[in-house]
Amino acid sequence: MPVTTPAARAAAPPSHTAVPQDFGALARQDPEIGGILLAEAGRQSSTLQLIAAENFTSPAVLAALGSPLANKYAEGYPGARHHGGCEQADAAERVAVRRAMSLFGAEHANVQPHSGSSAVLAAYAALLRPGDTVLAMGLPYGGHLTHGAPGNFSGRWFEFAGYGVDPDSGLIDYTQVRALARARRPKAIVCGSISYPRHPDYEQFRDIADEVGAYLIADAAHPMGLIAGGAAPSPVPYADVVCATTHKVLRGPRGGMILCGVELSERIDRAVFPFTQGGAQMHTVAAKAVAFGEAATPAYAVYAHRVVAHARALAAALEDEGFEVTTGGTDTHIVVADPGPLGVDGRTARERLMAAGMVLDTCALPYGDARGIRLGTAAVTTQGMDEDDMARIAALFGAAVRQEGDPAVLRAEARGLAERNPPYPG
Ligand SMILES: *Cc1c(COP(=O)(O)O)cnc(C)c1O
């Protein structure tokens with residue numbers, strides 16, 4: 001699949017062209033919180049947002065979040081609510097469901113999960129019993145908390161087996177996945193990760209799941225926006241259930257969603273409400289509908305391809321700076337880099353980068369105990385940055401981590417780059 005279209009290489013305009021909100025009235029009524037919100041808006045527009053799970057939602061999404069639907073109680077589903085006065089709530093949810101189904105080619109969509117973790121919880125609740133075995137990517141390799149972390153419901157209530165990646169290539173070792181599946185006979189297999197920069201091979205996962213009679217759950221929280229824009233393969237034809245967030249590359253409100261076929265639809269719906277949640281957040285559901293509408297446009301497809309092209313450019317430029325990029329590059333918005341060759345681990349690198357105005361995460365590396373850094377290009381691409389800007393960011397990374405030059409000067413450069421590309425121009 002071509003992931004760099006000619007359009008992706010053209011100049012990248014910013015995605016948003018309006019100011020989100022005027023905090024002035026709030027700042028007058030509640031200076032304490034108003035001041036915090038203004039300071040946060042300033043932080044977001046004066047530093048570089050490179051956290052792979054973050055993005056800048058559109059003013060239209062923010063408007064839906066701040067709408068009167070925030071006041072509405074709506075337990076249940078459209079046409080079957082426990083509260084009165086749900087006409088508009090029903091209409092909003094129907095639009096969100098219809099748009100999600102058409103955007104992803106799914107037979108059924110549940111748009112109520114409050115978060116990605118809530119979506120995974122509901123998927124497990126629909127398909128599993130406590131004590132069942134689940135095969136998922138091991139946490140040291142990029143599995144999410146909901147993939148068996150001891151402090152999470154998943155690790156407490158299910159028996160997790162973890163697959164890893166090949167230590168040399170950094171790629172999922174499907175021979176190991178198949179061997180673990182044969183040995184452990186899981187009830188479900190989960191594919192999806194917080195830091196794997198390549199596409200899972202959904203067809204192979206389906207084949208392994210079929211061999212051992214397991215459900216296949218795709219946790220596509222990260223790449224869902226790339227999938228919407230045609231810049232990543234879709235798990236929908238292969239997985240029994242697809243869980244996702246709506247706030248990462250997809251650029252919607254903070255929240256989750258679940259896609260599945262008709263045969264599991266009732267079980268999934270009951271697992272969301274009433275099993276794991278009460279009233280849906282209807283303002284968020286409306287905002288999800290807005291985001292799905294935006295993600296169905298040609299402009300969003302161009303954006304999604306650009307996000308990948310920018311991640312590839314950033315990965316290559318970071319390698320030139322001496323970082324070791326896991327898997328040798330990326331197919332997605334995620335870049336995982338080991339700053340080890342520059343003499344520091346991910347934690348120290350992040351401290352130095354934060355001091356220079358660049359905001360990012362550390363993450364596990366597929367080998368050894370040292371941590372790496374994880375970055376994503378979804379937010380900077382929404383701002384309208386281009387491939388030359390990725391090279392500038394990599395140069396700032398090299399200088400900051402190697403402690404070449406004054407962090408204040410580097411911070412001013414990062415700030416200049418951010419301010420030349422405001423997330424909300426005007
Ligand atoms: C982000 C993410 C989640 C959870 O999302 P929250 O909204 O933070 O609960 C779950 N799984 C994966 C793979 C993720 O990347």
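Order of appearance sets the numbers: ligands from 1, and atoms from 1 within every ligand.
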Note to self: Please check whether Ser117 reaches ligand 1 - meaning an N/O of the residue sits under 3.5 Å from an N/O of the ligand, judged on distance alone.
What the structure shows: yes

Checklist line | Pairs satisfying ring-ring contact (aromatic ring centres under 6.0 Å, His included), at least one member in residues 168-197, at least two apart | finding: Tyr174-Phe205

Check: Closer than 4.0 angstrom: is that true for some heavy atom of His247 and an atom of ligand 1?
Finding: yes

Next item on the list: May I ask you to decide if Val307's main-chain N or O and His310's side chain share a donor-acceptor pair within less than 3.5 Å?
Entry: no

Check: Should you measure from each heavy atom of Thr245, which atoms of ligand 1 turn up under 4.0 Å away?
Finding: 5 (O), 7 (O)

Check: Looking at Asp345 and Arg371, does any basic side-chain N land under 4.0 Å from a carboxylate oxygen?
Finding: no

Note to self: If I apply the N/O under 3.5 Å rule, does Gly116 come out as touching ligand 1?
What the structure shows: yes

Notebook entry, point to check: Any idea which part of Ala221 is under 4.0 Å from ligand 1, heavy-atom wise: side chain, backbone, both or neither?
Noted result: side chain

Next item on the list: Name all residues meeting the salt bridge (Lys or Arg N to Asp or Glu O under 4.0 Å) criterion together with Asp132; count only those two or more places apart in sequence or in a different chain, and write none if there are none.
Entry: Lys187

Check: With ring centroids as reference points, do Tyr77 and His82 lie under 6.0 angstrom apart?
Finding: no

Notebook entry, point to check: So, is Asp219 polar-close to ligand 1, with some N/O to N/O distance under 3.5 Å?
Noted result: yes

Checklist line | Minimum-distance protein heavy atom relative to atom 3 (C) of ligand 1 | finding: His144 NE2, 3.3 Å

Check: Does Lys248, backbone or side chain, put an N or O under 3.5 Å from an N or O of ligand 1?
Finding: yes

Margin query: Measuring from atom CG of Leu365 to atom CG of Asp338, what distance do you get when rounded to the nearest 0.5 angstrom?
Written below: 5.0 Å

Check: Are Glu54 and Arg254 within salt-bridge range, i.e. N to O under 4.0 Å?
Finding: no

Margin query: Within ligand 1, which atoms have a heavy atom of Ser115 less than 4.0 Å away?
Written below: 7 (O), 9 (O)

Notebook entry, point to check: Applying a strict 4.0 Å limit to heavy atoms, is Ser193 in contact with ligand 1?
Noted result: yes

